Protein chains: 2
Amino acid sequence: MDTARRTQTYGHYCLMAQTLDVLGDRWTLLVVRDLVHGPRRFTDLADTLGGITPKTLTQRLRALEHEGIVAADREAGRREVRYRLTPAGQELVPVLEQLARWGLRNALRPPEPGEPTHPEHLLWALRLKLEDAGAALDPVRWLVRVAGESHVLGFDGERWTLTRGETSEPDVTVTATRTALAKFLTGPPSAREAEQPELTVTGGREAVRTMLDTIAVFPFGPGRAHRGSNVGA
Amino acid sequence: MDTARRTQTYGHYCLMAQTLDVLGDRWTLLVVRDLVHGPRRFTDLADTLGGITPKTLTQRLRALEHEGIVAADREAGRREVRYRLTPAGQELVPVLEQLARWGLRNALRPPEPGEPTHPEHLLWALRLKLEDAGAALDPVRWLVRVAGESHVLGFDGERWTLTRGETSEPDVTVTATRTALAKFLTGPPSAREAEQPELTVTGGREAVRTMLDTIAVFPFGPGRAHRGSNVGA
DNA sequence: CTGGATCCATGATGATACTG
DNA sequence: CAGTATCATCATGGATCCAG
């Protein structure tokens, strides 16, 4: 059974249609998105993708492999399969960012009560918003520890970066449960001043103040203007 | 019947998932794409979208209206309905361009024998490629007349633009059938030198030479490097 | 336990015809 | 022209099962 084939094509000779033939299937861009931060195993993906069924995930991964967007590292003797982005896959990052940028301004809504979240997704959105808002300050590193993972959100003097893992001597450390972090980041910025039950913030008073002020633009604060189109209407 | 509702949502609190909840359904971005060049009627859209069924097109348009991306102008006493992009819809242009830019380098394939094309789609891709390739020269206006429509592809000294309609005193005028234009633009640049059966190019020898040299980057010529991501891997 | 495959249910889309 | 109605098909969701 040719499980590596895409399901449908638009069948037009049209750049956008061809692009969406490759990227437009349900779940496809979310799979890419979760591979942006580094290699992932099948079950890791199934976890952060939430409701995807194994069948669909298999199908998307095979299609993405076939398109040269994803590569699977199958080490002999090991049952783990690590999926990662190829260079062509990495080139999708600006596409995801442009989509997310539009979404920040036009599609973002508050979370439903029991709606599942994943720290990595929240922090990725936060990073983009900081970038988009033109937030600039002295270089900083903020360490976020949650659900057994840790992430570092940092500014290097020019750009904001998000990396998995630890860092020595972070300016601020946030330790929280998933739920608490979600509440913290998706709630109104003013509520972040108060003590949170399952969330602790450590670091110098000055550094904490800076962080809270800086992330106050998330999620609904002002961004910078964007270059318009030059296609006539 | 709530035809304005989206069909499914990912049900995650995740920026990308929410964005794709709005934009990710099949046909949705192609509808937006065909509205980028200006208002269109239902049947115009059905035409350039090729295989879409009226039911699906209605559903997409209702959903896009509901999301504030498309507005419908229904003038009293007139049966025509003109769909156009709202400001939020216009903001999707950079998204489409980023997708197409990726597609130019990673998803573009030669046309299948009888695969339908539409001049506007070809010219849109050509414009993007010229922009992407950094093609620069003195300001020009190239008029393309095909299938009862006309389009002007121009360079204003800084950016490339594509507009519908005529222009006075174009530097070059290309008149062709749909098929001939598709063959001309999707074939190898070298083949554009020869006489084409159903395609005529008029204009000064110098100006024609410049056009042919400039569009030689389409579709597979070199582009400029793109800014990388700053998300750690 | 990971990395799937299989079976069935459902809902989205495709094809075609028809109407205010 | 701008859809609606009806039926067919196929992709996806949901659950379970299985091999290494």
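Treat the numbers as computed from the prediction; the structure is a model and nothing was measured. Here is the naming used below: chain letters follow the sequence lines, and residue numbers restart at 1 for every chain.
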- Give the C-alpha distance, both sets of side-chain angles, the deciding distance and a yes or no for side-chain contact (heavy atoms from CB on, under 4.5 Å) between L130(A) and F218(A). CA-CA 8 Å; L130(A) 292 173; F218(A) 186 81; over 6 Å; no

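Here the side chains of Y83(B) and L64(B) are not in contact, with every heavy-atom distance at 4.5 Å or above. The closest side-chain heavy-atom distance from H37(A) to E120(A) is below 4.5 Å.
Nucleotide dC1(D) holds its P atom 16 Å from the CG atom of L61(B), rounded to whole Å. Whole-Å rounding puts the R40(A) CZ to dT2(C) P distance at 15 Å. One can place CG of D47(B) at 12 Å from P of dA2(D), the figure rounded to the nearest angstrom. Here the C1' atom of nucleotide dT13(C) and the CG atom of L57(B) are 13 Å apart, to the nearest Å. Atom pair E80(B):CD and dC1(D):C1' shows a separation of 8 Å (rounding to whole Å applied). The CG-C1' distance, from L30(B) to dG14(C), rounds to 16 Å in whole Å. Atom CD1 in I52(A) sits about 14 Å away from atom P in dA5(C), given to the nearest Å. Atom-to-atom, CZ of F42(A) to P of dA19(D) comes out at 17 Å; the value is rounded to the nearest Å.
Phosphate proximity of dC1(D) to R82(B): absent, as no side-chain N or O sits under 4.0 Å from OP1 or OP2. Residue T56(B) places at least one side-chain N or O under 4.0 Å from the OP1 or OP2 atom of dG14(C). Between R62(A) and dG4(C) there is a side-chain N or O to OP1 or OP2 distance below 4.0 Å. Look at R26(A) and you'll find a side-chain N or O under 4.0 angstrom from OP1 or OP2 of dG13(D). Contact annotation: Q59(B) side-chain N/O to dA12(C) OP1/OP2 distance is not under 4.0 Å. Put simply, W27(B) has no side-chain N or O that comes within less than 4.0 Å of OP1 or OP2 on dA12(C). Under 4.0 angstrom from either OP1 or OP2 of dT13(C) there lies no side-chain N or O belonging to Q8(A). Taking 4.0 angstrom as the limit, R60(B) places a side-chain polar atom (N or O) nearer than this to OP1 or OP2 of dT13(C). Side-chain N/O atoms of Y83(A) include none lying less than 4.0 angstrom from OP1 or OP2 on dT2(C). Side-chain N/O atoms of T58(B) include none lying less than 4.0 angstrom from OP1 or OP2 on dG3(D).
With the nearest nucleotide of DNA chain D identified for both R79(B) and Y10(B), R79(B) has the one nearer the 5' end.
Counting any heavy atom pair closer than 4.0 Å across all strands shown, T53(B) reaches a base atom.
The side-chain tip of R26(A) points at the ring of Y10(B) from less than 6.0 angstrom away and within 45° of straight on.
In the displayed structure, R78(A) atom CZ is contacted under 6.0 Å by at most 12 heavy atoms of other residues, nucleotides or ligands.
Considering only the side chain of K55(A), dC8(C) comes nearest among dG3(C), dC8(C), dT16(C). Listed candidates were dA2(D), dG20(C), dG4(C). Nearest to the side chain of V81(A) is dG4(C). For P54(A), counting side-chain heavy atoms from C-beta on, the closest listed nucleotide (dA2(D), dT16(D), dG3(C)) is dT16(D).
The pair R127(A)-E97(A) meets the salt-bridge criterion, with a side-chain N (NZ, NE, NH1 or NH2) lying under 4.0 Å from an Asp/Glu carboxylate O.
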